[in-house]
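Each residue takes its place number in the sequence, starting with 1.
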Amino acid sequence: MLKITDLHVEIDGNEILKGLSLEVNAGEIHAIMGPNGAGKSTLGYALGGRPGYEVTAGTATLLGQDLLGMDPHERATLGLFLGFQYPVEIPGVSNVQFLREALNSQRRARGEAVLSGGEFLKLARTQADLLGMDHDMLKRPVNVGFSGGEKKRNEMVQMGIIGPRFAILDETDSGLDIDALKAVGEGINRIMRAPDKAVLLITHYERLLEYVKPDRVHVLADGRIVRSGGIELAQQLEAEGYAEVTA
């Protein structure tokens with residue numbers, strides 16, 4: 001589903017990714033772990049098309065199409081979802097307004113019928129209920145005044161509504177308490193654990209992987225993947241730290 005070959009990415013002239021290659025098949029969840037500054041977030045932002053992340057070499061395809069040649073909105077229409085470590089606040093724009101426009105924009109681009117206000121509200125409330133999020137939060141400005149856990153639950157609601165084919169989730173476990181971590185983990189499994197979907201889960205810690213069991217775990221260090229394995233690799237990292245594993 002996702003195939004990355006020899007990817008090099010620079011930020012302000014500094015090379016962050018230095019020849020990263022990775023392949024994620026449909027139906028799989030892969031975890032990317034690594035120390036601070038290794039390039040984990042850079043990988044997600046480069047694939048999502050964030051400005052300032054310059055791809056200088058390599059290729060990346062999603063569903064057989066050239067991902068790097070697309071604008072960000074085209075990547076989203078193709079089925080890419082990028083979850084942020086620190087979800088942004090959008091004052092003055094309600095969750096309902098934002099999500100309905102996002103979903104219907106993608107449906108229009110794919111030639112699908114848009115959802116009416118009633119149809120969308122039913123979908124949004126269902127997803128909110130599944131994540132344990134109060135319906136009143138759907139009416140509030142996007143992430144404004146939300147706690148860290150509420151922002152991450154809201155992001156899972158967004159993902160459930162959009163229904164992407166491939167999700168890149170950047171440190172979704174950051175700042176979550178035990179209950180929120182469990183809810184988010186269950187949300188990822190419910191929304192994305194399917195034969196025609198896949199996930200790239202970026203994380204520092206093994207704790208989220210207790211709920212979202214990855215098919216493969218990769219260690220990213222100094223801009224490249226240096227180790228790959230199963231869940232036991234994440235457990236080794238938790239026990240020994242990155243220095244021992246990447247030495």
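A donor-acceptor pair under 3.5 Å is absent between the side-chain atoms of Asn143 and the main chain of Ile90, judged by distance alone. Arg140 places no side-chain N or O within 3.5 Å of a backbone atom of Asn95 that could act as its donor or acceptor partner. Listed for the Glu232 side chain is a donor-acceptor partner under 3.5 Å among the backbone atoms of Gly230. Within the 3.5 Å criterion, the main-chain N or O of His73 finds no donor-acceptor partner in the side chain of Asp71. Side chain of Lys197 to backbone of Ile191: a donor-acceptor contact under 3.5 angstrom is found. Side-chain atoms of Gln127 never come within 3.5 Å of backbone atoms of Ala124 as a donor-acceptor pair (strictly under, hydrogens ignored).
Between Lys40 and the choices Leu200, Leu17, Leu220, Ile16, the side-chain contact (heavy atoms from CB on, under 4.5 Å) rule is met once, by Leu220. No option in Leu62, Val24, Leu43 other than Leu43 meets the side-chain contact (heavy atoms from CB on, under 4.5 Å) test with Ile4.
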Run the side chain to side chain contact (heavy atoms under 4.5 Å, CB included) check on Leu103 and Leu123 step by step: do they pass? CA-CA 11 Å; Leu103 176 61; Leu123 172 62; 3.9 Å; yes
Passes side chain to side chain contact (heavy atoms under 4.5 Å, CB included), Ile29 versus Lys213? Steps please. CA-CA 8 Å; Ile29 293 179; Lys213 304 292 185 183; over 6 Å; no
Stepwise salt bridge (Lys or Arg N to Asp or Glu O under 4.0 Å) check, Glu186 with Arg193: CA-CA 10 Å; Glu186 290 174 347; Arg193 183 69 82 174; over 6 Å; no
Go through it in stages, so that I can follow the logic: the residues are Arg100 and Leu115, the test is side chain to side chain contact (heavy atoms under 4.5 Å, CB included), and I'd like the CA-CA distance, side-chain angles, deciding distance and then a yes or no. CA-CA 8 Å; Arg100 184 184 176 196; Leu115 297 187; 5.8 Å; no
Between Lys139 and Ser94, is the side chain to side chain contact (heavy atoms under 4.5 Å, CB included) condition met? List the steps. CA-CA 5 Å; Lys139 304 173 186 176; Ser94 72; 5.6 Å; no
From CA spacing to verdict: salt bridge (Lys or Arg N to Asp or Glu O under 4.0 Å), Lys151, Glu89: CA-CA 9 Å; Lys151 288 181 179 180; Glu89 298 183 1; 3.4 Å; yes
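A salt bridge does not link Glu10 with Lys18: none of the charged nitrogens is closer than 4.0 Å to a carboxylate oxygen.
Between Asp170 and Tyr45, the shortest heavy-atom contact is OD2-OH, 4.1 Å. A pairwise comparison of heavy atoms in Gly49 and Pro72 identifies O-CG, 3.4 Å as the closest pair. Ala180 approaches Gly149 most closely through the heavy-atom pair CB-CA, 4.4 Å.
A donor-acceptor contact closer than 3.5 angstrom is absent between the side chains of Glu74 and Thr77. For the 3.5 Å distance criterion, the side chains of Ser21 and Asp6 fail to qualify, holding no donor opposite an acceptor. Using modelled atom types, one finds no donor on one side chain facing an acceptor on the other under 3.5 Å when comparing Arg153 with Gln158. Side chain to side chain, His8 and Thr56 fail the donor-acceptor criterion of an N or O pair below 3.5 Å. Glu28 and His30 form a side-chain donor-acceptor contact under 3.5 Å, judged by distance and modelled atom types alone.
Here the CZ-CZ distance, from Arg110 to Arg107, works out to 7.5 Å after rounding to the nearest 0.5 Å. Interatomic distance, CD1 of Ile11 versus OG of Ser41, reported as 9.0 Å (0.5 Å rounding). Going from atom CD of Glu155 over to atom CD1 of Ile188 covers 9.5 Å, rounded to the nearest 0.5 Å.
With contacts defined as side-chain heavy-atom distances shorter than 4.5 Å, the pair Glu15/Val9 does not qualify.
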